[in-house]
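Step one of this worksheet: look at the structure below.
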Amino acid sequence: MTDFDDDLITDAFAGFAAGAAPSVRPIGAGAVRHTVKRRRARTTAALSVLGVLLLAAPALAYASLDRGSQGPPDPMASTQVAVSPSGASSPSATPSRSATPSPANTAAKLVLGPRGYGDLLLGQSPAEAVATGLVVGNGTIDDGMTCDSSAVLKGTPTPEDDRDIDGKLFFSQRLGLAAIYAMPGVETPEGLRLGMTYEELIAIYPSWESVVEPDRPLGRGYVDVPGNPAARYRIEMGHTSVIQISLQLRNQDCYE
């Protein structure tokens with residue numbers, strides 16, 4: 001090969017190097033920093049997209065569910081806290097809007113028998129009877145009399161006339177409280193009360209019969225008191241209904 005040929009080859013390589021130089025740069029510290037910065041930007045963008053997708057996935061899944069008739073929770077159905085006598089609290093599953101009627105609102109029955117009327121008992125002295133708070137008197141009960149009938153049961157309506165003995169109390173000097181007459185609203189433990197018919201009376205006390213007119217359901221009659229052999233009921237029938245009921249000692253000495 002001649003020197004001329006060598007010069008041609010050298011010139012060709014020089015021209016090629018001069019043309020390629022603008023696009024080919026050596027790898028140095030600046031180039032490395034540029035590459036790392038670009039890769040970090042790409043990584044940050046990818047992580048941001050991934051985070052958005054993770055946050056949106058539950059909402060998209062919930063929206064795709066068939067929830068039927070489900071709605072928002074009832075704000076009134078809150079859980080109450082029941083406090084025990086010791087002071088410790090425990091949750092109650094009863095909704096706050098449900099209310100249970102209080103038993104205290106139920107009126108107690110007024111029962112005559114078998115031994116008395118509440119704390120008022122046959123055989124008590126006038127002082128003992130008054131101490132129960134169930135007795136109302138027009139003055140001091142005279143226990144020196146053979147029999148005193150001036151006191152009545154508390155709550156007894158004003159009598160219509162002198163023959164009205166609803167709620168009357170008869171105190172015997174010898175026996176103490178000898179008889180208690182029912183007032184309206186009072187009933188025996190078996191369910192008899194003033195105003196009932198003869199058929200209702202017989203259904204409750206089949207042994208009752210009039211001692212005044214045995215062939216007719218009219219006048220007074222007597223029946224045993226279940227649970228108290230020392231007493232009996234005096235029951236008087238009017239023309240259409242029961243007009244008197246008394247719980248009295250068998251040996252009472254105030255009348256009849």
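Position 1 is the first residue of the sequence, and the numbers go up from there. Keep in mind that this is a model prediction, so the values were computed, not measured.
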Task: Full working for side-chain contact (heavy atoms from CB on, under 4.5 Å) between Tyr117 and Met183 - done: CA-CA 11 Å; Tyr117 175 77; Met183 63 179 176; 3.6 Å; yes
For [X] versus [Y], what's the shortest heavy-atom pair and its separation?
| X | Y | value |
| --- | --- | --- |
| Gly167 | Thr156 | CA-OG1, 3.6 Å |
| Leu112 | Pro189 | O-CD, 3.3 Å |
| Val136 | Lys154 | CG2-CA, 3.8 Å |
| Ser241 | Gly195 | CB-O, 3.5 Å |
| Ala151 | Asp148 | N-OD1, 4.3 Å |
| Pro184 | Asp166 | CD-OD2, 3.9 Å |

Other residues, nucleotides, ligands: >12 heavy atoms within 6.0 Å of [X] [atom1]:
| X | atom1 | result |
| --- | --- | --- |
| Arg193 | CZ | no |
| Glu256 | CD | yes |
| Arg174 | CZ | yes |
| Asp162 | CG | no |

TODO: Would you sort out whether Leu169 and Leu153 count as a side-chain contact (heavy atoms from CB on, under 4.5 Å), showing the intermediate values?
DONE: CA-CA 7 Å; Leu169 304 175; Leu153 291 174; 3.8 Å; yes
Task: Aromatic ring proximity, centroids under 6.0 angstrom, Phe170 and Tyr255 - done: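 When the ring centroids of Tyr255 and Phe170 are compared, they turn out to be within the sub-6.0 Å range.
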Hydrophobic clustering (ILVMFWY, side-chain heavy atoms < 4.5 Å, transitive) - are [Y] and [X] grouped together?
| X | Y | result |
| --- | --- | --- |
| Leu177 | Val225 | yes |
| Leu122 | Ile245 | yes |
| Tyr205 | Met196 | yes |
| Leu110 | Leu247 | yes |
| Val223 | Ile204 | yes |

Would you say that [X] contacts [Y] through its side chain, given a criterion of any heavy-atom pair below 4.5 Å between the two side chains?
| X | Y | answer |
| --- | --- | --- |
| Val242 | Glu236 | no |
| His239 | Tyr198 | no |
| Pro226 | Glu190 | yes |

[Y] backbone acceptor or donor facing [X] side chain under 3.5 Å:
| X | Y | result |
| --- | --- | --- |
| Trp208 | Ile235 | yes |
| Glu213 | Asp215 | no |
| Gln252 | Leu175 | no |
| Ser246 | Gln248 | no |
| Asn228 | Pro114 | yes |
| Lys168 | Ser149 | yes |
| Glu128 | Ser125 | yes |
| Thr188 | Leu192 | yes |

- [ ] Please report the C-alpha distance between Leu249 and Arg232 in whole Å, then the side-chain angles of each, then the deciding distance to 0.1 Å, and finally whether the side-chain contact (heavy atoms from CB on, under 4.5 Å) criterion is met.
- [x] CA-CA 6 Å; Leu249 295 172; Arg232 62 181 179 174; over 6 Å; no
Open item on the list: Between Asp224 and Arg250, does the side-chain contact (heavy atoms from CB on, under 4.5 Å) criterion hold? Intermediate values first, please.
Closed with: CA-CA 9 Å; Asp224 294 337; Arg250 284 185 176 273; 2.5 Å; yes
Open item on the list: Distance check, rounded to the nearest 0.5 Å: Ile141 atom CD1 versus Phe171 atom CZ?
Closed with: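 Reported to 0.5 Å precision, the distance equals 4.0 Å.
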Task: Spacing of CG belonging to Leu218 relative to OG belonging to Ser210, to within rounding of 0.5 Å - done: 6.5 Å
Open item on the list: Test side chain to side chain donor-acceptor pair (under 3.5 Å) on Gln244 and Arg234; report intermediate values, then the result.
Closed with: CA-CA 8 Å; Gln244 291 180 9; Arg234 179 189 183 277; 2.7 Å; yes
